[in-house]
Each structure stands twice: as structure tokens, then as C-alpha cells.
Amino acid sequence: MCGRINLTAAPHVLAERFYLDVVPDLLPRYNIAPGQDLAAVVPNPGSAGRLLRAFRWGLVPPWSRDPAAGPKLINARSETVREKRAFGEAFARRRCLVPVNGFYEWQKRDGGSQPFLIRRRDRDVFALAGIWERWQYPGDRVLETCSILTTVANGVVRPLHHRMPVIIPQQDWRQWFSLDEAQQEAVMALLKPAPADLLLAHPVTRRVNSPAFDDPACLEPVADDRKGQLNLFG
DNA sequence: CCAGACGTTGTT
DNA sequence: GTCTGG
DNA sequence: CCAGACGTTGTT
DNA sequence: GTCTGG
């Protein structure tokens with residue numbers, strides 16, 4: 001699955017890579033947890049470019065009575081997202097890309113969960129497939145939330161976990177944003193595991209387990225007490 | 001028809 | 001809001 | 001996802 | 001054990 005991400009790319013890099021109409025004002029984040037705001041790229045209806053927006057991670061369907069209640073919909077299975085009532089409308093009309101420099105997966109071990117950072121071999125920023133929703137408070141205020149799509153793990157993630165986030169390569173971003181009914185088959189075809197040779201995984205400090213810990217040490221490889229049982233270093 | 005759910009993950 | 005179950 | 005709380009009353 | 005908060 002995908003329950004923790006980071007985004008460290010400089011604002012001007014994000015603006016250039018994602019064709020943003022405005023250079024965002026963003027601080028690097030090393031440990032973004034569900035319930036917090038993440039940055040998401042959406043088409044800008046007013047131009048050919050795109051916008052970066054803040055969505056709370058954990059989708060709240062528009063018919064939910066209380067956005068604080070209920071399970072946290074932080075992921076949506078790509079295999080079924082189209083047919084689920086909580087996700088169908090968002091998938092049909094409100095897709096986004098979640099820019100990340102990496103995501104974390106946990107391996108269950110005796111004595112606790114060991115976190116691993118998974119990122120591109122070249123450490124460049126990349127994009128996860130997301131959907132978002134809008135929940136109207138009794139007054140004027142609106143809560144905007146999102147969920148990250150998952151698929152089966154590829155060879156890099158499989159030793160850690162059997163699910164991973166869907167990654168949309170840059171050449172497919174336009175297709176991902178296409179809401180045209182005739183394009184839906186092509187959109188569904190994007191929901192597959194990334195090629196294993198795109199990514200590398202390494203263990204990181206268990207301090208990452210706490211969402212309160214959000215600094216560059218989150219990214220640093222640490223010695224693995226079970227190194228040799230895993231072949232994650234390519 | 002109305003009532004009630006609406007989700008993923010991991011584990012059993 | 002929309003679908004499923006009764 | 002993991003970490004941390006998990007409760008009421010009355011008083012300051 | 002289960003829920004909430006981050």
C-alpha cells in the first residue's frame with residue numbers, strides 16, 4: 001500500500017516538471033503522513049497548464065455525515081476503484097497526480113516495523129496516481145481530500161509488501177487527466193505496477209515511524225540487521 | 001419499496 | 001449520491 | 001502508515 | 001483491543 005511519502009523537490013523544479021502555471025511556495029517534506037495535507041497536481045481549467053493544490057490525505061466522500069468519522073480512505077485499489085461507491089465519482093471526474101521524491105513501505109518484523117524508502121534510481125521527483133473529493137461544511141467552508149491508488153507490488157517492493165502505489169510516468173500524465181469516455185480504457189491501462197528497474201529501496205531509521213519526525217535523516221540509508229536476506233540494492 | 005452501507009490492509 | 005440487501 | 005491514547009468531575 | 005491524531 002502507500003501510507004507515507006516525501007516531497008523534497010525544489011518549487012521551481014516542480015513548476016517546470018509539472019507545467020505549473022504558478023511556482024508553488026513549498027517547504028521540503030521528508031515524512032508526510034495520512035491526515036496531513038499533501039501537494040497534488042491538477043489541470044488548471046483556466047489554461048493549458050496545471051495547478052498545485054493542497055489536499056488532506058484521506059478521502060472523505062461527499063455524502064459522509066462527518067468528515068472526522070469513519071475509516072481513513074488513504075488508498076484506493078486500482079483494480080476496483082471505478083466500481084466503488086466511495087471512489088467512483090472521484091475517479092470519473094477528479095484525478096490528480098501526487099508528486100513525490102519517494103514513498104515508505106514497512107516490513108513487519110519481530111520487534112517492530114522496519115521502514116524502507118523507495119525512490120527512483122536517479123532520485124528524481126515522480127508522480128503517484130490520485131483521486132480527490134470535496135466535502136461541504138454546513139457553512140461556506142469546504143474540505144478537499146484525496147486518496148492514492150494502489151496496485152500489486154513490483155520486484156523492488158514485493159519483499160516488503162504486496163501492494164504499492166500506482167506511478168504514472170511523465171509521458172502518460174496527459175492521458176491520466178483525460179476524462180473523455182472514449183479514453184477510459186487507455187486510462188485503466190495506466191494502473192499497473194512500475195517497472196522494477198525504475199526504483200531502488202533501502203532501509204531507513206525507525207525514527208521515520210513517527211510522523212513527528214520530518215527531517216533529512218528520513219532519507220538516509222541505514223545498515224539493515226537482516227541485510228543479505230533481501231536483495232533490494234539492485 | 002426502504003434501510004443501510006459506502007474502504008484498505010493484513011490476518012485468520 | 002448511489003448501490004446492495006432484504 | 002505508525003504512535004499514542006484510551007476518562008470524569010471539579011477546581012484553578 | 002481499538003480508535004484518534006499526525
Side-chain angles (χ1 to χ4, degrees), chain A residues 1-7 27-40 54-94 98 100-119 128-138 142-154 156-167 191 193 201-215 217-219 222:
Chain A
M1 70 179 311
C2 182
R4 215 69 79 76
I5 60 176
N6 66 44
L7 178 62
L27 291 172
R29 288 294 310 277
Y30 303 91
N31 195 5
I32 302 170
Q36 299 179 348
D37 281 354
L38 53 65
F55 295 139
R56 198 181 75 180
W57 188 5
L59 185 143
V60 176
W63 37 259
S64 177
R65 286 175 177 259
D66 175 7
K72 299 297 173 270
L73 306 181
I74 67 171
N75 293 138
R77 292 178 62 88
S78 60
E79 297 91 335
T80 54
V81 63
R82 200 164 39 165
E83 64 213 39
K84 295 292 184 182
R85 294 194 286 281
F87 298 134
E89 188 72 9
F91 182 74
R93 304 188 195 287
R94 285 178 295 279
V98 178
V100 299
N101 286 83
F103 59 92
Y104 299 96
E105 297 287 352
W106 276 260
Q107 187 176 51
K108 292 288 185 191
R109 296 180 175 182
D110 294 340
S113 295
Q114 174 62 50
F116 286 74
L117 172 61
I118 298 95
R119 55 185 175 180
L128 307 182
I131 56 178
W132 64 281
E133 259 303 352
R134 174 172 278 225
W135 192 89
Q136 182 74 54
Y137 283 95
V142 160
L143 175 67
E144 293 181 325
T145 60
C146 71
S147 194
I148 291 172
L149 304 206
T150 62
T151 184
V152 295
N154 69 10
V156 169
V157 177
R158 198 170 303 124
L160 309 173
H161 222 72
H162 68 116
R163 305 288 297 173
M164 70 180 288
V166 172
I167 297 170
L191 306 179
H202 64 258
V204 292
T205 173
R206 291 192 185 200
R207 284 187 291 172
V208 168
N209 291 5
S210 171
F213 187 70
D214 183 9
D215 80 24
C218 292
L219 312 181
V222 298

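Within every chain, numbering begins at 1; the chains are lettered A, B, ... in the order of the sequence lines, protein sequences first and strands thereafter. These figures come from a predicted structure and were not determined experimentally.
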Task: Rounded interatomic separation in angstrom, taking CD from A/Glu105 and C1' from B/dT8 - done: 13 Å
Task: For A/Trp132, ring pair (Phe, Tyr, Trp, His ring centres under 6.0 Å) partners two or more places apart - done: A/Phe55
TODO: Under 4.0 Å between any heavy atoms, over every strand shown, what does A/Thr150 touch: base, sugar-phosphate, or nothing? Just pick one.
DONE: sugar-phosphate
- [ ] Using the P atom as the reference point in each nucleotide, state the distance between B/dT11 and D/dA3 in Å, no decimals.
- [x] 15 Å
Open item on the list: Can you see if the side chain of A/Ser210 gets near the phosphate of E/dG6 - specifically, an N or O under 4.0 Å from OP1 or OP2?
Closed with: no
Open item on the list: Let's see if you can work this out: which of B/dT9, E/dG6, B/dT11 has an atom nearest to the side-chain heavy atoms of A/Met1?
Closed with: B/dT9
Open item on the list: Measure CZ/A/Arg65 against P/C/dG1 and give the value in whole Å, please.
Closed with: 12 Å
Open item on the list: Going by salt bridge (charged side-chain N to carboxylate O under 4.0 Å, His left out), name the residues that satisfy it together with A/Arg94, two or more places apart in sequence or in a different chain.
Closed with: A/Glu133
Open item on the list: Measuring only the P atom in each nucleotide, how far is D/dT8 from B/dC1? A whole number of Å is fine.
Closed with: 43 Å
Open item on the list: Under the rule for salt bridge (charged side-chain N to carboxylate O under 4.0 Å, His left out), what residues qualify as partners of A/Arg93, not counting sequence neighbours?
Closed with: A/Glu89
TODO: Figure out the CZ/P separation between A/Arg82 and C/dT2, and round it to whole Å.
DONE: 18 Å
Task: Interatomic distance at P, D/dT9 relative to E/dT2, whole Å - done: 26 Å
- [ ] Would you mind reading off the distance between A/Phe213 atom CZ and E/dG6 atom P, rounded to a whole angstrom?
- [x] 19 Å
TODO: Take atom CZ of A/Arg163 and atom P of B/dT9, then tell me their distance rounded to the nearest Å.
DONE: 5 Å
Open item on the list: Using modelled atom types and a 3.5 Å cut-off, is there a donor and acceptor pairing between side-chain atoms of A/Ser147 and backbone atoms of A/Leu73?
Closed with: yes
Open item on the list: Once you apply a heavy-atom cut-off of 4.0 Å, does A/Ile74 come out as touching a base, just sugar-phosphate, or nothing?
Closed with: base
Open item on the list: Under the rule for salt bridge (charged side-chain N to carboxylate O under 4.0 Å, His left out), what residues qualify as partners of A/Glu105, not counting sequence neighbours?
Closed with: none
Task: Check: A/Pro193 main-chain N/O paired with A/Asn154 side-chain donor or acceptor under 3.5 Å - done: no
Open item on the list: Show every side-chain hydrogen bond (donor to acceptor under 3.5 Å, both in side chains) that has at least one partner inside residues 64-87 of chain A, sequence neighbours left out.
Closed with: A/Glu79-A/Arg163
Open item on the list: Without decimals, in angstroms, what is the distance between A/Asp66 CG and E/dG5 C1'?
Closed with: 15 Å
Task: E/dC3 to B/dA5 separation - P atoms, rounded to the nearest Å - done: 15 Å
TODO: Whole angstrom is fine here: how far is it from CG in A/Leu59 over to P in B/dT9?
DONE: 14 Å
Under-3.5 Å N/O pairs linking protein and nucleotides 3-7 of chain B:
| residue | atom | partner | partner atom | Å |
| --- | --- | --- | --- | --- |
| B/dC6 | O4' | A/Arg85 | NH2 | 3.4 |
| B/dG7 | OP1 | A/Arg85 | N | 2.9 |
| B/dG7 | OP1 | A/Ala86 | N | 2.8 |

Task: For A/Ala92, side-chain contact (heavy atoms from CB on, under 4.5 Å) partners two or more places apart - done: none
TODO: Starting from Watson-Crick (N1-N3 plus N6-O4 or O6-N4) and G-U wobble pairs under 3.5 Å, report the runs of at least three that DNA chain D belongs to.
DONE: D:1-6 with E:1-6
TODO: Could you tell me whether A/Pro34 contacts a base, only the sugar-phosphate backbone, or nothing, with contacts defined as non-hydrogen atoms closer than 4.0 Å?
DONE: base
- [ ] Check side-chain contact (heavy atoms from CB on, under 4.5 Å) between A/Arg56 and all other residues, then give those that pass, not counting sequence neighbours.
- [x] A/Asp37, A/Val60, A/Leu143, A/Thr145
TODO: Take the protein atom NZ of A/Lys108 and the nucleotide atom C1' of B/dT11, then report the distance between them rounded to whole Å.
DONE: 11 Å
TODO: Determine the interatomic distance between C1' on E/dG6 and the same-named atom on B/dC6; round to the nearest Å.
DONE: 25 Å
- [ ] Could you tell me the separation between the CG atom of A/Leu38 and the CG atom of A/Leu7, rounded to the nearest 0.5 Å?
- [x] 9.0 Å
